[in-house]
Participant: 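Take this structure first; my questions come after.
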2 protein chains.
Amino acid sequence: MSHILGSRQAQKQKTRQAFLDAALELLEEQSLSSLGLREVTRAVGVAPTAFYRHFHSTADLGVALVEEALGSLHAMIGTTVSAAGDSEQRITRAVDLIARHVEAYPAHVRFIARERHGGVQPVREAIGAQLARFAEEVKAELAKQPESEGWGDDDLLMLAGLYVDQMLVTGSLFLETLEGDEEERERVARVATRRMRLISIGRRHWLG
Amino acid sequence: MSHILGSRQAQKQKTRQAFLDAALELLEEQSLSSLGLREVTRAVGVAPTAFYRHFHSTADLGVALVEEALGSLHAMIGTTVSAAGDSEQRITRAVDLIARHVEAYPAHVRFIARERHGGVQPVREAIGAQLARFAEEVKAELAKQPESEGWGDDDLLMLAGLYVDQMLVTGSLFLETLEGDEEERERVARVATRRMRLISIGRRHWLG
DNA sequence: AATCCCAGAGAACAGTTGTTAACTGCATGG
DNA sequence: CCATGCAGTTAACAACTGTTCTCTGGGATT
């Protein structure tokens, strides 16, 4: 099997991507559980039945969207947590990176925030699995740092989860400021930075 | 105007409550944005048109549900944060209280977690407003404590927000264990406790 | 060059949706 | 005791939904 696609499969993937894009846009003002199959095909400009050539259901489409929205983030996570500099510099850099990501992919961030606790079980599970992977990756990076000496495995995972959740909370806060002015975004960044700082201080004094 | 209701208004409130109860149950496996008006009236056992006597739309019903789910929690918040005992005792008590609340009102907790970032703007705003109130109340209680000496107003609010978000995260984690066994719930409680502990340590060393 | 495959089109289905209008019957206030 | 108000009913509407079956056209395979 080759990674070179014939014009046949290439066209199929193109249509599939059109479905994902259209769905993501429609989902900015509704939830996945109310997204209709016909609604999506109408937005793409194909017949309703074409949908079944790509997905079993809208829930299936949702799971594919989870991969698209979170699958590409893993590399970023690692490099951010393991970045050079002291604690304060890493925090500033992380908050800035979240802000940029929200500006670059607002629909992705909105989708994850909305469907993490949404009404479609397979999608919730897919998001949960990805977030668990994130936590494991963050934990692995934290373990490499000298500040983690003497830490137990479960405490490291606890801290990693705290960071991951904080990342999501910060992301959705930035999301709410997207239609506002720059000053608002600055305020969110400052609060998020202080939250991370407090967590880092807690980490530093965790033992003993 | 009297607070004693005639049988007329009493029956109306009864029906209204039936709408809220039915909707809350239907919302356990879907989102508000996919909740149909007819679906609700069918569950209650009344004609579709009866709905309009109580709500303009399902979004309106959602806002009413926010009041029901969060309105009664304010008293609890205050007494919990300002409870006697040292930091560790207060954390244990808070986590236990969250666990009990989730067991007592799982549908309420699920609704808030789901619709906080859900697809219905008025509901998102209603939840956001209530959570802001919570944060203000927690801040007021924190300000009374001796540990908060020297703290700025915005730092107190930052910490309060951190606690409120942590409360929600913990709640939704407990929610996922409701169909599981006791051991699972115990594990969630332990992780949540350690998270709160780390935040408390960060708080203690925040200044200087 | 002849064949097969399959993404997408088209039409039709039974069932559902929100909203309207005009109604009925009963508790309420004068 | 009678007139009014109003919660809930009934019937009907156009529009929409997911899913099935049949068909078509052109890239892929031999």
Side-chain angles (χ1 to χ4, degrees), chain A residues 1-23 25-27 29-65 115 118-123, chain B residues 1-23 25-27 29-65 115 118-123:
Chain A
M1 74 190 212
S2 167
H3 62 287
I4 305 288
L5 298 178
S7 77
R8 193 75 200 259
Q9 307 227 5
Q11 176 55 37
K12 180 170 185 182
Q13 284 216 355
K14 209 169 156 184
T15 306
R16 184 190 142 101
Q17 189 59 46
F19 275 125
L20 295 177
D21 293 346
E25 189 175 338
L26 290 167
L27 285 173
E29 32 197 39
Q30 64 179 309
S31 309
L32 182 63
S33 81
S34 66
L35 183 69
L37 167 166
R38 294 183 101 106
E39 201 178 351
V40 184
T41 59
R42 198 184 311 128
V44 172
V46 296
T49 48
F51 184 88
Y52 293 106
R53 299 289 179 189
H54 300 269
F55 308 100
H56 295 359
S57 60
T58 52
D60 198 24
L61 191 165
V63 172
L65 276 177
E115 301 303 332
V120 183
Q121 202 191 32
V123 172
Chain B
M1 73 190 215
S2 166
H3 62 287
I4 305 288
L5 299 177
S7 77
R8 194 74 200 261
Q9 308 227 5
Q11 177 56 36
K12 180 170 184 180
Q13 284 217 354
K14 209 171 158 185
T15 306
R16 184 189 142 100
Q17 189 60 44
F19 275 126
L20 295 177
D21 293 346
E25 189 174 338
L26 290 167
L27 285 173
E29 32 197 40
Q30 64 180 311
S31 310
L32 182 63
S33 80
S34 65
L35 183 69
L37 165 167
R38 294 183 99 106
E39 203 178 350
V40 184
T41 58
R42 197 184 312 127
V44 172
V46 297
T49 47
F51 184 88
Y52 293 107
R53 299 289 178 190
H54 300 270
F55 309 100
H56 295 0
S57 61
T58 52
D60 198 24
L61 191 164
V63 172
L65 277 177
E115 302 303 332
V120 183
Q121 203 191 32
V123 172

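The model shown is predicted, which means the values in this text are computed figures rather than measured ones. By convention in this document, chain letters (A, B, ...) are assigned in the order of the sequence lines, proteins followed by strands, and residues within each chain are numbered from 1.
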Participant: For A:R38 and C:dT17, what is the distance between atoms CZ and P respectively, to the nearest whole Å?
Facilitator: 16 Å

Participant: Find the distance A:F19:CZ to C:dG8:P and express it as a whole number of Å.
Facilitator: 7 Å

Participant: Would you kindly give the CD-to-P distance between A:Q11 and D:dG25, to the nearest whole Å?
Facilitator: 17 Å

Participant: For A:A64 and A:L20, work out which heavy atoms get closest and say how close.
Facilitator: CB-CD2, 4.0 Å

Participant: Nearest to the side chain of B:R42, which nucleotide is it out of C:dA7, D:dT19, C:dT16?
Facilitator: C:dT16

Participant: Closer to the 5' end of DNA chain C via nearest nucleotide, is it B:G6 or B:L35?
Facilitator: B:L35

Participant: As a test of reading the structure: which of C:dG8, D:dA7, D:dT17 is closest to the side chain of B:K12, going by heavy atoms?
Facilitator: D:dA7

Participant: Check the surroundings of atom CD in A:Q17: do more than 12 heavy atoms from other residues, nucleotides or ligands lie under 6.0 Å from it?
Facilitator: yes

Participant: Rounded to whole angstrom units, what separation is found between the CG atom of A:L37 and the C1' atom of C:dT16?
Facilitator: 15 Å

Participant: Which nucleotide, C:dG25, C:dT19, D:dG25, lies nearest any side-chain atom of B:R8?
Facilitator: C:dG25

Participant: If you draw a 6.0 Å radius around CD in A:Q11, do more than 12 non-hydrogen atoms from other residues or ligands fall strictly inside?
Facilitator: yes

Participant: So which atom in A:G119 and which in B:S31 form the shortest heavy-atom distance, rounded to 0.1 Å?
Facilitator: N-OG, 3.3 Å

Participant: Output the residues of residues 45-60 of chain B in contact with DNA chain C, where contact means a heavy atom of the residue under 4.0 Å from an atom of the strand; sort by number or write none.
Facilitator: B:T49, B:Y52

Participant: Looking only at non-hydrogen atoms, find the nearest pair between A:A43 and A:L26 and report the distance.
Facilitator: CB-CD1, 4.2 Å

Participant: Tell me: CG of B:L61 to P of C:dG18, nearest whole Å?
Facilitator: 12 Å

Participant: To the nearest Å, give me how far apart CD (A:Q9) and P (C:dC5) are.
Facilitator: 15 Å

Participant: Can you name the nearest heavy-atom pair linking A:F19 to A:V46, along with the distance?
Facilitator: CZ-CG2, 3.8 Å

